[in-house]
Structures are given as structure tokens and as C-alpha cells.
There are 2 protein chains.
Amino acid sequence: MPYTYKYPRPSVTVDVIIFGLKGKDLKVLLIQRSNDPFKDLWALPGGFVDPDEELEEAAHRELEEETGAKGIFVEQLYTFGKPGRDPRGHVISVAYFALINLADIKIKPASDAKDAQWLKLTELPKLAFDHKEILDKAIERLRGKVRYQPLGFELLPEKFAFSQLQQLYETVLGVEINKRNFRTKINKMKILKEEGQQTEVAHRPAVLYSFDKDKYEELMKSGFNFEI
Amino acid sequence: MPYTYKYPRPSVTVDVIIFGLKGKDLKVLLIQRSNDPFKDLWALPGGFVDPDEELEEAAHRELEEETGAKGIFVEQLYTFGKPGRDPRGHVISVAYFALINLADIKIKPASDAKDAQWLKLTELPKLAFDHKEILDKAIERLRGKVRYQPLGFELLPEKFAFSQLQQLYETVLGVEINKRNFRTKINKMKILKEEGQQTEVAHRPAVLYSFDKDKYEELMKSGFNFEI
DNA sequence: ACAAAAGTGTTGTTCCTACACCCATGA
DNA sequence: TCATGGGTGTAGGAACAACACTTTTGT
């Protein structure tokens with residue numbers, strides 16, 4: 001059943017950059033293509049936008065297909081539409097990036113993807129289409145935003161130690177941070193809730209914290225500025 | 001001559017939010033619609049993306065149609081695709097925002113627009129479609145970015161006085177800024193070139209400056225951070 | 001001389017940075 | 001008691017904020 005229009009239309013797809021933190025490594029979920037074009041190369045999860053589907057909904061749909069996870073943080077990244085970016089025709093792709101907590105959530109292997117894997121950002125293979133460019137933009141956006149908005153907590157488990165939070169920023173920003181000054185800065189913001197202590201560790205147990213979203217939003221109303 | 005596809009496709013349009021600074025007022029270029037839907041309401045300039053046209057190129061095309069100006073700063077803002085945002089069907093709009101210098105450039109009245117006008121952001125009429133939402137997002141982006149990237153200069157004439165620069169930030173951010181501290185901060189960045197003086201003003205003539213883009217890019221390479 | 005806007009000196013406070021040190025736990 | 005990572009004290013300097021003051025022009 002064909003669809004006919006008076007003027008030509010491009011196809012519209014959604015691609016999702018899914019970031020996860022594993023120890024000291026930032027990883028991204030990629031899928032090895034089983035068909036041409038770009039057969040065997042790695043690509044971002046994505047697909048066509050359904051008729052009358054919201055774009056963000058499409059992003060959530062792709063995310064859930066690949067990871068089984070719901071309620072994940074996603075944010076629109078950028079829309080790519082350069083002619084020739086897809087050899088099959090004029091394809092416009094709205095890219096979203098997602099931040100997922102690999103510790104708490106079980107990632108199911110996707111049903112329809114032959115080979116989906118978490119790959120380190122520092123050890124990336126060749127990517128299909130313009131997906132390298134898209135991924136680079138996502139990394140740039142993550143680096144830029146993580147300092148001014150409390151995005152980082154999305155990558156951490158519900159309860160985390162100060163050192164984990166610091167490690168996260170060091171990984172994402174690619175810099176070393178002074179422990180003392182980092183704690184002082186975060187503490188002054190008063191956006192963390194104490195959540196008990198670590199147990200069974202071979203050193204002084206760390207106090208665990210969670211991000212206090214209500215308090216953060218309260219502070220935002222009165223001109224507070226998150227900044228690392 | 002109809003175009004036929006195997007699966008349904010949304011239409012893709014580009015809308016442009018064109019900001020200009022006039023004295024102490026931030027203005028936006030809007031067009032009064034002459035046809036349904038939303039006849040007589042004001043709307044952002046925009047139109048369909050041509051086959052195999054780059055998105056940013058489409059934005060520049062719309063911008064030039066309405067203002068006659070070339071080489072203007074544009075940046076992709078966000079892509080809007082909520083079902084129902086256009087009563088005529090599934091229309092996905094990629095929004096761009098542009099910053100234009102109203103002092104230097106002659107804005108020609110658009111040929112195809114019945115009524116294009118620069119309207120103050122503080123005195124906006126009802127807008128067509130979801131254009132209010134799009135405009136709000138553009139303002140938010142402008143406010144957020146102007147502090148961390150040297151966007152503001154795009155709104156000023158080539159040569160400007162310190163007080164104009166300060167006025168710009170006061171207008172965009174909606175705050176008062178201390179003259180002394182503002183000067184000190186900007187001067188420390190060393191990103192301005194002296195360009196002579198005002199003449200024929202009934203007070204001490206201000207030194208004129210231009211934004212030194214080369215120097216700025218030089219500084220950026222060595223970890224410099226623009227911040228107001 | 002006066003109005004008007006340009007431009008400067010200075011001071012108290014807050015924040016940033018760097019470095020050294022102490023603490024609690026399991027092995 | 002030792003290794004390991006958690007957590008704190010503090011001091012010097014840079015950046016911020018506030019306010020009063022001087023300078024240069026046209027009328």
C-alpha cells in the first residue's frame with residue numbers, strides 16, 4: 001500500500017547515543033549492522049519515526065528495544081540532514097542522547113540486533129553512515145552540559161560515594177580533580193541526601209549519597225546555579 | 001507529478017527565529033499569515049526543506065528571503081515533531097535561530113510576505129502553531145549560551161562601545177550589571193581590538209572596539225574560557 | 001559652567017587552589 | 001600493624017561585588 005504526496009519528502013529517523021559508565025570507563029551502546037549499506041560496521045541504534053509518533057517517544061522506543069530499560073534520561077542532541085549521509089536517499093536523522101546507569105539496570109540483549117555491545121569511547125571501531133560525527137557531537141554536548149546541569153547523576157547508581165561522583169567527572173571531562181576542593185564545592189550546593197554507608201570494604205567505609213532532586217528544583221527557583 | 005513511497009513520511013520544514021537588537025530592545029522577526037490555518041496570526045519565517053537540501057542551507061535561504069541578508073550567524077536550535085502541532089498533518093520542524101545586526105544591515109521587506117515585522121520580545125502577539133513554544137526555547141538558548149560563548153557580538157555593529165556591549169548583556173539576560181566590574185572582566189579576556197573613538201557626541205567620546213575573532217580562537221586553543 | 005556619559009581606584013569578602021594531614025576498616 | 005581509600009584543616013592568592021570618584025566632550 002503506497003503513500004503518495006504532491007511534493008517529495010525526506011525520510012525521518014531517530015538515532016540514539018546511549019552512554020553508560022562502567023568503572024572508570026565511559027561506554028556507548030553500538031550495533032553491528034547485518035545488512036548493507038555499511039554491512040558489518042558498527043552503528044548507533046535507531047530507526048524510522050512512526051506516523052504521528054513523537055520524536056522523543058521514538059527515541060525511548062529505540063532505547064527500550066536495545067536495552068529493555070524504561071524511564072531513562074534522554075535529551076535531543078541535534079538533527080542531521082546533510083544530503084548523502086545515507087546512500088539510500090534523503091534521510092534526516094534526529095539524534096538523542098541517553099544516560100543510563102549500568103550498575104542498577106540489567107541490560108537485556110536486544111532481540112533484533114545481531115550484535116549490540118557496550119564499547120569504550122577510547123576504543124571505537126569504524127562507524128557506519130555519519131555516526132562518528134553524531135557521536136562526537138554527543139560527547140561534546142555531554143562534556144559541555146555535565147558541568148552546568150546535574151546530568152551526571154543519571155550515570156551513577158541511586159546511592160553513590162563521593163569518590164564515584166568525582167570519578168565520573170574526571171572520566172567525562174578528562175581531567176584530574178582535587179578531592180578536597182571537589183567535596184567542598186559539592187557540599188556547599190546542598191543537593192545531596194545522606195543514605196548510609198558502604199559495608200564490607202577493606203578501608204574506611206564511605207558515606208553514600210543520593211541526588212536530592214526536590215531540593216535541587218527548590219534551589220533552582222531561587223536563582224541557584226549548578227556548576228562543577 | 002506525485003511522489004510515492006512504500007511507507008508514510010512526515011513533512012520536514014525549517015523555521016527560523018531571527019533576533020535583532022534595536023537600542024535597548026531585543027526583537028524578533030515575525031510574519032503575519034495570509035492563509036489558513038492560523039490566518040492573520042503571527043508566525044516564524046519558515047518553509048519546506050527542498051529535496052537534498054542541507055538543513056542549515058534551508059535556514060539561510062529562509063533568512064535571506066525575509067531579510068535579504070547573507071552570511072548571518074545561524075545555529076540549530078531544536079527539532080519539533082509533536083503530532084498535532086500542524087493541523088495539516090505530521091510536520092516535523094527543525095528550528096534554527098539567527099542573530100543579526102540591525103544597525104549595519106539594511107533589512108529589505110520580504111517579497112512574498114504580506115507583513116513581516118520586527119516585534120519586541122516584551123510585546124508579543126499570539127503566535128501560530130507551536131511557535132510560541134519554539135520562540136521560548138530560542139530565548140532560553142540565547143540566554144544560556146550568550147554567557148559562555150561570544151554570541152553577543154553578532155547582535156552588535158562591527159565597532160561598538162563598551163556601554164553597548166554591556167547594554168546587550170543587560171537586555172538579553174534581564175539583569176543590571178556593574179559598569180566597573182564588567183569592564184574589568186572583559187578587559188582581562190583580551191578579546192577586543194581598539195578601533196578609534198566616537199565622534200560628535202555631547203560627552204566624553206567612548207573608545208570603540210571590535211571582537212577579535214582570531215585572538216579568541218587562539219586563546220581557545222590554550223584552554224581559555226569565555227564567561228560573562 | 002554644566003550635563004552627560006566614559007572611564008578609574010580601591011576595599012572587603014568570597015571563592016579557588018594546593019598541599020598536608022588524620023581516620024576507619026579488613027586483611 | 002599495615003595498606004587502602006575516606007575524609008578534614010588551613011593558608012595564600014585570585015576573582016567578585018560594591019561604591020565613590022575623575023575625565024572628556026558638546027552646549
Side-chain angles (χ1 to χ4, degrees), chain A residues 21 23-25 103 146-148 152 156-157 159-171 173-211 219 222-228, chain B residues 21 23-24 103 146-148 156-157 159-171 173-211 219 222-228:
Chain A
L21 192 68
K24 297 195 173 191
D25 294 317
V146 79
R147 295 188 51 214
Y148 303 106
L156 292 179
K159 302 178 183 184
F160 53 85
F162 242 114
S163 58
Q164 283 177 279
L165 186 60
Q166 176 172 350
Q167 181 61 60
L168 157 69
Y169 280 99
E170 292 185 338
T171 299
L173 298 175
V175 294
E176 288 207 340
I177 302 175
N178 179 288
K179 181 175 58 158
R180 180 65 174 110
N181 302 337
F182 182 77
R183 293 179 86 98
T184 308
K185 195 170 203 168
I186 302 287
N187 275 329
K188 205 167 34 192
M189 294 194 215
K190 297 178 191 298
I191 52 173
L192 298 185
K193 258 202 305 251
E194 288 203 16
E195 300 277 5
Q197 292 201 337
Q198 282 178 337
T199 50
E200 294 165 34
V201 284
H203 53 76
R204 177 173 173 178
V207 175
L208 297 177
Y209 297 89
S210 64
F211 174 57
L219 288 168
S222 16
F224 163 80
N225 255 46
F226 182 87
E227 186 177 341
I228 301 294
Chain B
L21 192 68
K24 295 194 173 194
V146 80
R147 296 188 51 214
Y148 303 106
L156 292 179
K159 301 178 183 183
F160 52 85
F162 243 114
S163 58
Q164 282 177 281
L165 186 61
Q166 177 172 349
Q167 181 61 58
L168 157 69
Y169 279 100
E170 292 186 337
T171 298
L173 299 175
V175 295
E176 288 207 339
I177 302 175
N178 180 287
K179 183 175 55 157
R180 181 63 173 113
N181 302 338
F182 182 77
R183 293 180 87 98
T184 308
K185 195 171 203 166
I186 302 286
N187 275 329
K188 204 167 35 194
M189 294 193 216
K190 296 179 193 296
I191 52 174
L192 298 185
K193 256 201 308 249
E194 289 204 17
E195 300 277 5
Q197 291 201 337
Q198 282 179 337
T199 51
E200 294 164 36
V201 285
H203 53 76
R204 175 171 175 180
V207 175
L208 297 176
Y209 297 89
S210 65
F211 174 57
L219 288 167
S222 18
F224 163 80
N225 255 46
F226 182 88
E227 186 176 341
I228 302 292

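Residue numbers start from 1 in every chain, and the chains themselves are labelled A, B, ... in the order their sequence lines are given, proteins ahead of strands.
Every residue two or more places apart in sequence or in another chain was checked for a side chain to side chain donor-acceptor pair (under 3.5 Å) with A:Ser163, and none qualifies. Not counting sequence neighbours, the partners of B:Tyr209 by the ring-ring contact (aromatic ring centres under 6.0 Å, His included) test are B:Phe162. Legend: residues meeting side chain to side chain donor-acceptor pair (under 3.5 Å) with B:Gln167, ordered by chain and number and at least two apart, are B:Thr171. Listed by chain and number, the residues in a side chain to side chain donor-acceptor pair (under 3.5 Å) with A:Glu170 are A:Gln166 (sequence neighbours excluded). The side chain to side chain contact (heavy atoms under 4.5 Å, CB included) check on B:Phe226 picks up B:Pro150, B:Phe153, B:Tyr169, B:Met189, B:Ile191, B:Tyr216, B:Phe224, B:Ile228, with sequence neighbours excluded.
Taking every heavy atom of residues 178-189 of chain A and every atom of DNA chain D, pairs under 4.0 Å involve A:Lys179, A:Arg180, A:Arg183, by number. The stretch residues 199-206 of chain B touches DNA chain C through B:His203, B:Arg204, B:Pro205, B:Ala206, each having a heavy atom within less than 4.0 Å of the strand.
Contact footprint of chain A on DNA chain C: nucleotides with an atom under 4.0 Å from a non-hydrogen protein atom, first to last in 5' to 3' order, C:dC16 to C:dG26. In the 5' to 3' direction, nucleotides of DNA chain D lying under 4.0 Å from heavy atoms of chain B begin and end at D:dC16 to D:dG26.
Direction change of the helix axis from one end of the helix from C:dA1-D:dT27 to C:dA27-D:dT1 to the other is 10°, with five pairs defining each end axis (rounded to 10°).
Between A:Phe211 and A:Phe160, the closest heavy-atom pair is N-CE2, 3.9 Å.
B:Leu192 contributes atom CG, which lies 11.5 Å from atom CG of B:Leu208 (distance to the nearest 0.5 angstrom).
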Using residues 174-181 of chain B as the side-chain source, report each donor-acceptor pair under 3.5 Å to any protein atom, sequence neighbours left out, with the distance given to one decimal.
| unit_1 | atom_1 | unit_2 | atom_2 | d |
| --- | --- | --- | --- | --- |
| B:Asn178 | OD1 | B:Arg180 | N | 2.9 |
| B:Asn178 | OD1 | B:Asn181 | N | 3.0 |
| B:Arg180 | NH1 | B:Thr184 | OG1 | 3.1 |

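Sorted by first then second residue, the side chain to side chain donor-acceptor pair (under 3.5 Å) pairs that include residues 186-206 of chain B, not counting sequence neighbours, are B:Glu195-B:Ser210.
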